[in-house]
Colleague: 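I am attaching a structure below and will ask some questions about it afterwards.
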Amino acid sequence: MTVIAATILEPEQRCTVAAPCGPDWVGVIQVGLAVVQLLWYVRLPELTLVSGPVLAVIVAVEEFPLPDTDSDVANAAVIAALAFGRAASWQRLALRRRQRRLAEQAAAGVRQPPPEGMGPLRRGIVPIVAGLVLCAVAGAAVDLGLRGIHEDEQRAAKAVSVSAVVLGEGEESLRVRTSDGSKRTVDAVFPEDYDTGSVVTLLSDGHWIRLAAEPYDAFGWQLLTLAAGLPGLTFLAAGVLARRRAAALRRAPVPLLRVLQRLDHNGDTWIYAADDTAGRTPLLRCLANPVIDDEAGEFGPPHDEDEDRPRADTRLREAVLYGPPYDAGELLIVAAAQGGVPVVLLTAGPVRLPTGDQRPELEWPVGDAVEQDPVLVDRIAASMQPVARPMRWGPSVFTRCTALLGAVIAAAVIKFILDEVKAGTLGWHVLPMLGLAFVPGSLATFLNWRITADRSGLWLAGAYKVRYLAWEELRAAVYTSGGVLEIRRADGKTWAPSLGWPWIERRLGLRPSYLRAAEEISAMHAHPELRPTEESPARAHGLPLGPLLAVLYALWAAALLIL
C-alpha cells in the first residue's frame with residue numbers, strides 16, 4: 001500500500017530536451033523488487049534480508065529529495081514498511097532456528113545416519129535449472145536493451161536538430177510541421193505532454209527521426225527482464241535452499257523423532273505427535289514421495305478397477321522423522337506400511353506448519369456430491385467442543401479478492417460493450433458477454449455468502465435472500481469437487497450455491513471454508529449436543545449483495561452512456 005501511495009503521489013515530470021526521458025534501469029529494479037517482495041516475505045524470507053535493504057537504499061537515493069512533501073512522506077512510509085518487513089523476516093527465521101533447537105532437544109540426543117538406498121540427491125534440480133534458464137533470458141533481455149540504447153545514442157550523435165510545431169497528437173504519436181513546411185508523424189511515448197502549437201525539437205538522420213526529448217525506449221526489454229528475472233531469482237533461491245537442506249540430511253547423523261503420519265487425498269503428508277492417536281492436531285504438512293516402491297500397494301495406495309484415481313489410505317501410521325522438523329525445512333520419513341515393511345519418504349517440497357484450521361483432505365472428492373461418512377462425521381464431532389454462541393461460515397479472503405477482481409473485469413466488459421454500441425460496431429462477438437446478466441448474483445454469492453448455525457437451525461444467506469432451515473428439516477450437508485455446497489432438506493429441496501474454486505485453493509494450500517461448513521454442520525446434525533445454545537440476531541444472518549451489485553452496474557452503465 002505504501003508503494004502504491006508513493007507511485008500515485010510521485011510528481012509528474014515532463015520530457016524535455018534538457019531532461020530527456022531516458023530508460024530508467026534503476027527504476028525497473030526498484031519496481032521489480034517492490035513487486036516480488038511480497039512473495040519473498042511469504043515464501044523466501046531469507047531473500048528479503050538482502051532485497052529489503054537494497055530496495056530501501058534505492059528509494060532513499062533515487063526518490064529523495066523530491067519537490068513535493070506528500071511524495072517524500074509516502075517514500076518515507078515505504079522505507080518504514082521495508083524496515084517492518086525485514087524485522088518480521090528476521091523474527092520468522094529466528095523462530096525457525098528455535099523450532100529446530102526444540103526438535104533437537106526433543107530427540108534427547110538420539111541421532112542416526114539416514115537409511116541406505118536413498119539414491120542420488122535430486123531435490124532442487126528442477127527449480128535451479130528453471131531459475132538459471134529464466135535468469136539467462138533476463139540477461140539476454142538486458143543485453144538487447146542496452147544495445148538498442150547504444151545504437152540510438154550513436155544515431156542521435158550523427159543526427160541534425162530540427163524544430164517543428166505540434167499540429168496534433170495520436171495515441172502514441174505526434175503530427176508535426178517542420179521548419180521547411182513538411183508535415184511528419186513521429187512516435188511519442190507521452191504525446192499528452194506536448195500541447196498543440198508548441199515547438200518541439202526533432203533529431204533527423206535520413207528516414208530516421210525522433211523527438212530529442214524521448215530517446216530510445218527499452219521498456220519492452222525491461223519488462224521481459226522483470227518477467228523472466230524475478231521468477232528466475234525466486235526459483236534459483238528456492239532450489240538452492242532446498243538442495244542445501246536436503247543435503248544436510250545425508251552428511252551426518254541427524255536427530256530421530258517418533259511421530260504419526262497420514263496421507264490425504266490431495267497427496268499431502270501430515271505429521272502428528274506420537275501420542276495424538278486421534279489425529280486431532282496436525283503439526284506439519286509436506287509433499288513427500290517414496291524413495292522405493294511400496295510392493296504391498298497400501299501406502300501408495302490401492303484403488304478399484306472402476307475408478308480412474310486411486311483412493312488414499314488416510315489412516316494414521318507410525319513413523320520416524322530423520323532430521324529436525326521446522327518451517328520450510330526438509331525431512332526424511334520412514335513410515336510403517338502393510339506387512340511391516342517400512343517405506344522411506346523424502347520431502348518434495350518445504351515443510352509447512354498448518355495455518356489456522358487447516359486439516360488433511362480425508363474425504364474422497366468425486367464429481368457428484370460427497371455424502372459424509374458416519375465414521376468421519378463422528379471423528380469431526382470428537383474434535384469439536386459445544387459452544388453457546390452461534391457459529392458462522394463465510395467466504396475466505398482469497399475468494400473475496402478473486403470476486404472483487406471479477407467485479408472489476410465485469411465493469412470493464414460493460415464499458416467495452418457500450419463503446420461498441422456508441423461506435424456502431426456492435427456485432428455477434430459481444431453475444432457471449434450478455435452473460436453479464438448473471439454476474440451480479442454469482443459475485444454477490446462469492447463476496448458475502450454466509451451460513452449461520454444457532455439453537456433453532458441454519459440461516460443461509462445467498463445472493464438475493466436469506467433462507468431459514470430448522471435442524472429438524474435438515475437432511476444432509478454435502479459438497480462437490482466443483483465448489484458447490486448442498487444443504488439438503490427433508491422435503492427434497494436443496495440450497496446449492498457455488499462458493500469457491502477448490503482446485504486453486506488446494507494448490508495454494510488453503511482449506512475451503514465451505515468444506516469446513518459441510519463437515520461441522522454434518523457433525524452438529526448428527527450430534528445435537530454440539531449445536532449452539534443461543535439464538536442468533538438478525539444482523540448476524542448476512543446481507544445479500546445481489547440487488548446492490550445490480551444497481552451499481554446499472555449506475556455504471558448509465559454514467560458511461562451520459563458522460
Side-chain angles (χ1 to χ4, degrees), residues 1-7 24-64 74-101 123-124 126-128 130-132 134-135 138-139 142 222-223 225-246 248 284-286 324-330 347 349-356 397-398 401 507-510:
M1 292 178 65
T2 59
V3 169
I4 293 173
T7 303
D24 184 8
W25 289 97
V26 176
V28 169
I29 297 174
Q30 182 177 341
V31 171
L33 288 179
V35 170
V36 81
Q37 197 78 0
L38 294 176
L39 172 64
W40 289 352
Y41 278 140
V42 177
R43 292 297 183 185
L44 293 169
E46 297 88 350
L47 281 183
T48 63
L49 297 181
V50 177
S51 62
V54 169
L55 183 55
V57 169
I58 292 176
V59 173
V61 173
E62 292 292 318
E63 306 298 340
F64 288 105
N75 285 310
V78 172
I79 296 176
L82 290 169
F84 279 115
R86 192 179 192 280
S89 296
W90 188 270
Q91 183 191 32
R92 186 176 178 187
L93 294 175
L95 289 174
R96 287 180 181 177
R97 290 191 293 270
R98 184 168 181 265
Q99 290 168 358
R100 185 185 182 102
R101 287 197 303 269
R123 183 77 176 98
V126 173
I128 288 175
L132 290 174
L134 289 173
C135 288
V142 171
Q222 292 173 336
L223 192 62
T225 301
L226 292 182
L230 297 181
L233 287 175
T234 304
F235 282 132
L236 189 59
V240 170
L241 287 173
R243 190 168 181 83
R244 287 184 58 190
R245 291 164 181 165
L284 302 170
R285 175 178 60 87
C286 62
Y326 60 95
D327 183 45
E330 302 284 336
T347 49
V351 172
R352 296 297 179 190
L353 277 64
T355 58
V397 174
F398 169 78
C401 290
R507 297 307 300 173
L508 293 176
L510 305 175

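Below, all heavy atoms of this structure are taken into account, side chains as well, without hydrogens, waters or symmetry copies.
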Colleague: Using 0.5 Å steps for rounding, measure from the CG atom of L241 to the CG atom of L47.
Modeller: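 It comes to 7.0 Å.
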Colleague: What's the shortest heavy-atom distance between L284 and P325, and which atoms?
Modeller: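 The answer is CD1-CB, 3.3 Å.
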Colleague: Could you give me the CA-CA distance, side-chain angles and deciding distance for L49 and L93, then say whether side-chain contact (heavy atoms from CB on, under 4.5 Å) is met?
Modeller: CA-CA 10 Å; L49 297 181; L93 294 175; 3.4 Å; yes
Colleague: Sequence neighbours left out, what pairs pass side chain to side chain donor-acceptor pair (under 3.5 Å) with at least one residue falling in residues 225-239?
Modeller: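 Residue pairs with at least one partner in residues 225-239: W40-T234.
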Colleague: Please list, chain by chain and in numerical order, all residues satisfying side-chain hydrogen bond (donor to acceptor under 3.5 Å, both in side chains) with T2, sequence neighbours excluded.
Modeller: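 Scan of T2 (side-chain hydrogen bond (donor to acceptor under 3.5 Å, both in side chains), adjacent residues dropped) gives none.
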Colleague: Using the test side chain to side chain contact (heavy atoms under 4.5 Å, CB included), find all partners of I128 that sit at least two apart in sequence or belong to another chain.
Modeller: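 Side chain to side chain contact (heavy atoms under 4.5 Å, CB included) check on I128 returns L132, L236, V240, R243.
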Colleague: Minimum heavy-atom separation for A228 and L134, please, with both atom names.
Modeller: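 Closest approach of A228 to L134, heavy atoms only: O-CB, 3.3 Å.
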Colleague: Taking atom CZ of R101 and atom CZ of R97, what is their separation to the nearest 0.5 Å?
Modeller: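 Nearest 0.5 Å value for the CZ-CZ distance: 7.5 Å.
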Colleague: Rounded to the nearest 0.5 Å, what separates atom CD in E62 from atom CG in N75?
Modeller: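 So the CD of E62 and the CG of N75 are separated by 11.0 Å.
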Colleague: Counting distance only, does the side-chain N/O of Q99 pair as donor-acceptor with the main-chain N or O of D327 below 3.5 Å?
Modeller: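 Checked: pair present.
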Colleague: Would you name the heavy atoms of T347 and C286 that are closest together and state the gap between them?
Modeller: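 Closest approach of T347 to C286: CG2-SG, 3.9 Å.
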Colleague: Output all residues satisfying side-chain hydrogen bond (donor to acceptor under 3.5 Å, both in side chains) with R245, sequence neighbours left out; order by chain, then residue number.
Modeller: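 Testing R245 for side-chain hydrogen bond (donor to acceptor under 3.5 Å, both in side chains), a comparison that skips the adjacent residues, returns E46.
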Colleague: Once you round to the nearest 0.5 Å, how far does SG of C135 lie from CG of L230?
Modeller: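 With rounding to 0.5 Å, SG (C135) is 9.5 Å from CG (L230).
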Colleague: Is a side-chain N or O of R285 found less than 3.5 angstrom from the main chain of R352, in a donor-acceptor match?
Modeller: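 Not a single qualifying donor-acceptor pair exists.
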Colleague: So which atom in A6 and which in A74 form the shortest heavy-atom distance, rounded to 0.1 Å?
Modeller: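 Nearest heavy atoms, A6 then A74: CA-CB, 3.6 Å.
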Colleague: Do Q30 and D24 touch side chain to side chain, with heavy atoms closer than 4.5 Å?
Modeller: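 They are not in side-chain contact.
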Colleague: Not counting sequence neighbours, which residues clear salt bridge (charged side-chain N to carboxylate O under 4.0 Å, His left out) with R86? List them please.
Modeller: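 Scan of R86 (salt bridge (charged side-chain N to carboxylate O under 4.0 Å, His left out), adjacent residues dropped) gives none.
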Colleague: Return the minimal non-hydrogen interatomic distance between Y41 and G85, and the atom names on each side.
Modeller: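 Nearest heavy atoms, Y41 then G85: OH-CA, 3.4 Å.
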Colleague: Would the number of heavy atoms belonging to other residues, nucleotides or ligands and lying under 6.0 Å from CD1 of I4 be above 12?
Modeller: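 Open: at most 12 neighbouring heavy atoms sit under 6.0 Å from CD1 of I4.
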Colleague: Sequence neighbours excluded, which residues qualify as side-chain hydrogen bond (donor to acceptor under 3.5 Å, both in side chains) partners of T48?
Modeller: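 In terms of side-chain hydrogen bond (donor to acceptor under 3.5 Å, both in side chains), with neighbours along the sequence ignored, T48 is linked to S89.
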Colleague: Which heavy atom in A242 sits nearest to a heavy atom in E330, and how many Å separate them?
Modeller: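 That would be CB-OE2, 3.7 Å.
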Colleague: Is there side-chain contact between V36 and L233, with at least one heavy-atom pair below 4.5 Å?
Modeller: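 Not touching, per the 4.5 Å side-chain cut-off.
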